[in-house]
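Take a look at the structure set out below.
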Amino acid sequence: MAWTRNVLRVNLTEGTVSVEPLNMEWASQYLGQRGLASKYLVEEIDPRCDALGPDNKMIMVTGPLTGTMASTGGRYSVVCKSPLTGTIACSNSGGYIGAELKNAGWDMIIFEGKSPLPVYLYIRDDKAELLDATPLWGQSAWKTDELLHQMHQEPQARVACVGRSAEAGCLYAGVINDLHRAAGRSGVGTVMASKNLKAVICRGTKGVGNIKDPLRFMQATEDAKKVLRDNEVTGQGLPAYGTQVLMNVINESGAMPTYNMRETQFEGAHKISGEAMHEPRPGDGKPNLTTNAACFACTIACGRISTIDQGHYTIRNRPEYWKSSGGLEYEAAWALGSDTGVDDLDALTYANFLCNEDGFDPISFGSTVAAAMELYEQGVLTNEHTGGIEFKFGSAEALTAAAEMVARGEGFGLELGLGSKRFCAKYGRPELSMTVKGQEFPAYDPRGIQGMGLAYATSNRGACHLRGYTVASEIMGIPEKTDPLVTAGKPELVKAFQDAAAAFDSAGICLFTSFVWTVDDIATQVDAACDGEWSGEKLLEVGERIWNLERDFNLAAGLTGKDDTLPKRLLKEADQFLVAAAVT
Ligand code: SF4
């Protein structure tokens with residue numbers, strides 16, 4: 001089985017919870033997590049509904065391998081219609097709460113309606129109840145996590161919740177779990193807050209215990225773990241440097257989006273790289289990185305745990321930030337760093353802590369700040385708009401002040417919380433927004449990695465690296481090297497990555513395994529765990545089916561093929577480095 005076959009339905013308007021069986025026909029077609037929850041959403045909501053209205057639904061969902069001994073099998077996703085893009089949204093997170101939900105006996109939780117008052121959902125195995133969240137409303141995600149553990153005296157329970165940014169309507173707020181893991185993209189946290197749902201706290205003690213062929217599954221997962229251990233990316237690079245292993249690599253390849261994507265190389269990249277996180281700081285002589293960390297069952301352990309120099313200006317008023325917390329991943333380091341021109345590693349770490357503490361997406365936030373800096377440079381935005389802050393490229397003070405305002409939903413932070421598309425449109429310069437379908441770009445400039453341009457343009461949730469990561473082939477040569485500066489062959493490459501990513505996501509494992517595992521490696525594990533027969537070929541069919549389902553939702557929501565494009569800057573403006581590279 002691997003699925004628990006139980007769905008928890010929570011009607012927030014009525015304040016009721018009910019149990020229903022999982023639709024196994026859909027499970028056999030869409031596998032789990034991203035695919036299966038998307039099927040439920042498509043069947044249950046009007047794609048044209050207001051994403052922040054009661055007719056939108058929010059689904060927390062696990063995959064069949066979530067909570068099992070499969071490496072990285074701790075993933076869960078939040079699926080809903082996005083308030084940022086108007087498309088279907090699926091935001092995936094690691095940590096431990098996915099496994100906890102599964103061990104409590106639930107494949108998914110469907111939240112519908114809107115509560116008249118703030119509530120949270122408490123789950124302990126079969127028991128699930130909505131409780132008053134009034135004391136939690138207005139608290140950060142970190143404080144909410146702490147308070148819920150105090151209230152329930154359940155140290156092993158796991159919490160997923162929203163912070164103040166979501167409550168204030170920041171359109172790229174995420175759902176934070178386990179303090180520094182996030183279903184971070186597309187504003188899924190904003191949807192959660194719009195329903196007056198502050199948190200889910202869950203403790204599961206039942207165990208998964210429903211594997212089709214336990215001995216074969218044990219062997220398949222052990223074999224697959226060895227493959228991860230023996231590979232230099234998943235066995236050495238990611239544990240040592242995290243995804244920050246990419247900072248210098250992408251910068252040297254000329255695909256580092258910089259200064260609101262005006263340039264493709266950042267002169268300060270080495271100062272904010274994974275290597276720099278290991279080096280002694282000038283201030284206290286300690287490295288930024290304390291240790292690496294792993295999500296549930298993960299044998300890669302790419303997570304970063306960091307501290308800030310206790311003498312740094314950011315923690316004068318926040319001394320508790322001296323304590324270690326979730327450090328910079330490559331996506332956060334790029335968006336907060338090179339795109340804004342800030343090369344102060346401590347300032348970036350501080351802004352990243354704030355993103356986790358109050359639950360907002362560092363990619364969308366950093367990109368929106370970068371757009372604001374370009375508007376400021378052009379004189380469109382002045383100190384009157386920013387509350388007196390000089391919003392210059394390279395200003396660590398502007399970046400960290402902006403993060404504080406978005407975190408608390410205060411002042412100019414409310415405007416930055418609109419996201420780059422709405423923000424630039426408000427100031428009459430929509431062409432300065434670096435977005436697709438309203439979602440901000442991740443850390444790979446498509447002028448330097450052509451396949452990513454197509455992947456971004458056609459992504460079903462707006463600009464996103466996780467929907468078709470052709471970087472693996474074009475930069476890293478996985479599974480084989482393709483030329484990043486040509487377009488020939490890229491449609492086929494993009495489609496192959498898109499279908500595979502949908503299958504990986506839907507199994508309940510981490511996409512980082514795809515640096516090494518093929519769909520056949522996933523199929524071996526899924527087939528030993530789940531009813532039915534599962535091959536790599538079948539998983540790719542499932543991936544394609546999921547992709548088309550998402551696409552149909554978006555078309556019904558009002559999007560068209562005209563939305564599958566890139567900003568004019570990326571289509572028409574050649575960066576100087578790329579011109580030089582083409583000439584030499
Ligand atoms: S590879 Fe990293 S993000 Fe993925 S499950 Fe492991 S620790 Fe979490």
Side-chain angles (χ1 to χ4, degrees), residues 32-34 61-78 90-102 158 160 174-185 221 224-247 274 277 289-306 324-333 352 355-356 361-363 442-443 464-467 469 471-472 476 478 500-501 503-517 521-522 525:
Q33 202 148 311
R34 174 177 157 193
V61 61
T62 63
L65 297 187
T66 306
T68 71
M69 61 196 297
S71 184
T72 78
R75 311 296 298 191
Y76 96 108
S77 285
V78 181
C90 172
S91 203
N92 185 308
S93 181
Y96 290 80
I97 194 162
E100 209 65 38
L101 291 170
K102 193 73 172 288
R158 300 291 176 172
V175 179
I176 299 292
N177 62 279
D178 304 297
L179 297 176
H180 47 79
R181 286 285 166 189
R185 299 227 72 191
T221 55
K225 283 174 188 170
K226 182 170 185 323
V227 173
L228 294 178
R229 265 197 311 272
D230 291 347
N231 182 273
E232 64 177 10
V233 175
T234 49
Q236 296 167 33
L238 285 170
Y241 297 106
T243 51
Q244 274 276 67
V245 72
L246 287 165
M247 176 64 73
M277 289 170 73
L289 187 74
T290 309
T291 182
N292 65 335
C295 302
F296 176 85
C298 178
T299 52
I300 301 173
C302 79
R304 304 291 89 185
I305 302 296
S306 289
S324 59
S325 189
L328 291 163
E329 313 283 348
Y330 172 52
E331 290 297 335
N352 193 56
C355 289
N356 286 335
D361 174 13
I363 301 177
C464 172
H465 57 301
L466 299 173
R467 289 296 178 268
Y469 192 71
V471 177
M476 302 163 77
I478 301 170
F504 273 71
D505 284 344
S506 299
I509 54 168
C510 180
L511 202 54
F512 292 162
T513 58
S514 68
F515 286 124
V516 184
W517 287 352
D521 293 312
I522 305 289
Q525 299 174 76

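Indexing begins at 1, ligand by ligand and atom by atom, following the structure's order. Note that these values count all heavy atoms, side chains included, but never hydrogens, waters or copies made by symmetry. The residues of the chain are indexed from 1 along the displayed sequence.
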query = Is Glu329 touching ligand 1 with its side chain, its backbone, both, or neither, if touching means heavy atoms under 4.0 Å apart?
reply = neither

note = Checking heavy atoms under 4.0 Å, the part of Cys302 that sits near ligand 1 is both

Counting distance only, does the side-chain N/O of [X] pair as donor-acceptor with the main-chain N or O of [Y] below 3.5 Å?
| X | Y | value |
| --- | --- | --- |
| Lys102 | Gly63 | yes |
| Thr243 | Tyr330 | yes |
| Thr62 | Tyr76 | no |

request  = From the options Phe296, Phe512, Phe515, select the one whose nearest heavy atom is closest to atom 1 (S) of ligand 1.
outcome  = Phe512

key: Asn292 vs Ile305 side-chain heavy atoms within contact, under 4.5 Å   = no

task = Evaluate the side-chain proximity of Leu511 to Arg75: yes if any heavy-atom separation is below 4.5 Å, no if none is.
result = no

query = In ligand 1, which numbered atoms sit nearer than 4.0 Å to a non-hydrogen atom of Arg75?
reply = 3 (S), 4 (Fe), 5 (S), 8 (Fe)

task = Considering heavy atoms of the protein only, find what lies nearest to atom 6 (Fe) of ligand 1 and give residue, atom and distance to 0.1 Å.
result = Cys298 SG, 2.3 Å

remark   = atom 8 (Fe) of ligand 1: closest protein heavy atom, distance to 0.1 Å, is Cys295 SG, 2.4 Å

ask   = Does Cys510 reach ligand 1, in the sense of a heavy atom lying below 4.0 Å from it?
value = yes

request  = Anything under 30° is parallel, anything over 60° is perpendicular, the rest tilted; go ahead and classify Phe515 against Phe512.
outcome  = parallel

